[in-house]
Amino acid sequence: MSILSPEFVRAYIQDAAANNYLLEGLQFEDDQIFQAENLAIDFFNVMTPISNYDSTSFPNKSLLLFGTLWHLYMGAAARAARNTMSYSDAGLQIPIEERFEMYTQMSAEYRAMFQDASRQLKVQLNVESGWSFVGSDYSRFPGW
């Protein structure tokens, strides 16, 4: 079981049918959330030092949430970009899809939070793992 459930992600961004006035139902389905979560974990694992976390062993729930949202909104921006067009009738311009910039901005915000916190956590985990291996040549002398 993942440390981050689709319900938790949806509750954080308030993705509920009652809140989605322009959509029918939810904006993000379970499979999209799981895919974004896996992409966030993969990105974290390839940051140096290389790690091997999965959805059950990831070290921080908030960090995984930010990474998941980064990828969800990046995907939503791609969908919005594909569907962007404007309609003109008798001189009246009506944009059909105008959320690309908003999704791109939200994706960038979550990406920055995820990457900054990931770097800090990686450094901390690396330092903690090193303390048990730091030795001294003087430790072999009697009385030291």
Side-chain angles (χ1 to χ4, degrees), residues 1-88 93-144:
M1 177 65 82
S2 174
I3 65 166
L4 192 66
S5 69
E7 293 79 20
F8 184 86
V9 174
R10 284 193 203 100
Y12 182 80
I13 59 171
Q14 300 179 20
D15 181 15
N19 296 335
N20 295 338
Y21 306 119
L22 302 177
L23 302 174
E24 291 182 23
L26 301 172
Q27 182 175 15
F28 299 114
E29 299 296 328
D30 286 359
D31 60 335
Q32 293 171 306
I33 293 172
F34 287 129
Q35 181 185 39
E37 179 182 327
N38 287 329
L39 290 170
I41 293 169
D42 286 344
F43 188 90
F44 183 83
N45 282 334
V46 298
M47 291 178 71
T48 55
I50 304 297
S51 55
N52 195 27
Y53 293 104
D54 61 21
S55 61
T56 61
S57 65
F58 200 80
N60 187 276
K61 190 174 189 173
S62 296
L63 183 60
L64 185 55
L65 174 66
F66 296 150
T68 300
L69 292 174
W70 162 32
H71 287 287
L72 280 174
Y73 284 114
M74 192 166 30
R79 181 183 62 236
R82 273 193 313 277
N83 294 310
T84 297
M85 70 175 246
S86 60
Y87 177 76
S88 178
Q93 290 277 97
I94 302 171
I96 302 298
E97 175 62 71
E98 55 188 20
R99 294 175 285 195
F100 172 75
E101 289 84 12
M102 289 184 285
Y103 289 147
T104 302
Q105 183 179 10
M106 290 190 324
S107 175
E109 291 290 326
Y110 285 119
R111 178 182 180 167
M113 289 190 295
F114 177 75
Q115 287 182 330
D116 291 344
S118 293
R119 280 188 205 99
Q120 292 175 14
L121 181 60
K122 285 278 188 157
V123 167
Q124 180 65 32
L125 293 173
N126 195 30
V127 167
E128 288 176 4
S129 69
W131 284 113
S132 63
F133 298 104
V134 174
S136 170
D137 291 337
Y138 297 110
S139 65
R140 295 188 188 113
F141 290 123
W144 288 81

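Bear in mind that the values here come from a model prediction, so they are computed numbers and not experimental data.
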Task: Q32 side chain near L72 side chain, heavy-atom distance below 4.5 Å - done: yes
- [ ] List in chain and number order the residues that pass side chain to side chain donor-acceptor pair (under 3.5 Å) with D30, two or more places apart in sequence or in another chain; answer none if no residue qualifies.
- [x] R10
TODO: For A77 and T104, work out which heavy atoms get closest and say how close.
DONE: CB-OG1, 3.7 Å
- [ ] Measure the spacing between CD1 of I41 and CD of E37 and express it to the nearest 0.5 Å.
- [x] 4.5 Å
Task: Expected output: side-chain N19 to main-chain D15 donor-acceptor under 3.5 Å - done: no
Task: Side chains of Q124 and Q120, donor plus acceptor under 3.5 Å - done: no
Open item on the list: Counting neighbours of CD on E29 that are heavy atoms of other residues, nucleotides or ligands and sit closer than 6.0 Å, is the number greater than 12?
Closed with: yes
- [ ] To the nearest 0.5 angstrom, please state how far the OG1 atom of T48 sits from the CZ atom of R119.
- [x] 9.5 Å
Open item on the list: Between K61 and L4 (side chain of the first, backbone of the second, donor and acceptor by atom type, cut-off under 3.5 Å), is there such a pair?
Closed with: no
Task: Contact summary for G25 and N20, nearest pair of heavy atoms - done: O-ND2, 2.9 Å
Task: Any side-chain heavy-atom pair of K122 and S51 under 4.5 Å - done: yes
Task: ring pair (Phe, Tyr, Trp, His ring centres under 6.0 Å) partners for F28, two or more places apart - done: Y73
Open item on the list: For a quick test of reading the model, state the closest non-hydrogen atom pair linking G67 to A40 and the distance between them.
Closed with: C-CB, 3.5 Å
Task: Heavy-atom side-chain proximity of M74 to Y110 below 4.5 angstrom - done: no
- [ ] Rounded to the nearest 0.5 Å, what's the gap from OG on S107 to CZ on F114? Could you check?
- [x] 12.0 Å
Open item on the list: As an exercise, state the distance from CG of N45 to CG of D54, rounded to the nearest 0.5 Å.
Closed with: 8.5 Å
- [ ] Describe, in one word, how the ring planes of F44 and Y53 are oriented to each other, choosing from parallel (under 30°), tilted (30 to 60°) and perpendicular (over 60°).
- [x] tilted
Task: Distance-minimising heavy-atom pair for A80 and Y103 - done: CB-CD1, 4.0 Å
Task: Nearest-0.5 Å distance that lies between atom CD in Q27 and atom CZ in R79 - done: 5.5 Å
Open item on the list: So L125 and E128, do their side chains get closer than 4.5 Å, heavy atoms only?
Closed with: yes
Open item on the list: Does F58 form a side-chain contact (heavy atoms from CB on, under 4.5 Å) with L63? I'd like the steps, not just the answer.
Closed with: CA-CA 9 Å; F58 200 80; L63 183 60; 4.0 Å; yes
Task: Spacing of OG1 belonging to T68 relative to CG belonging to N38, to within rounding of 0.5 Å - done: 8.5 Å
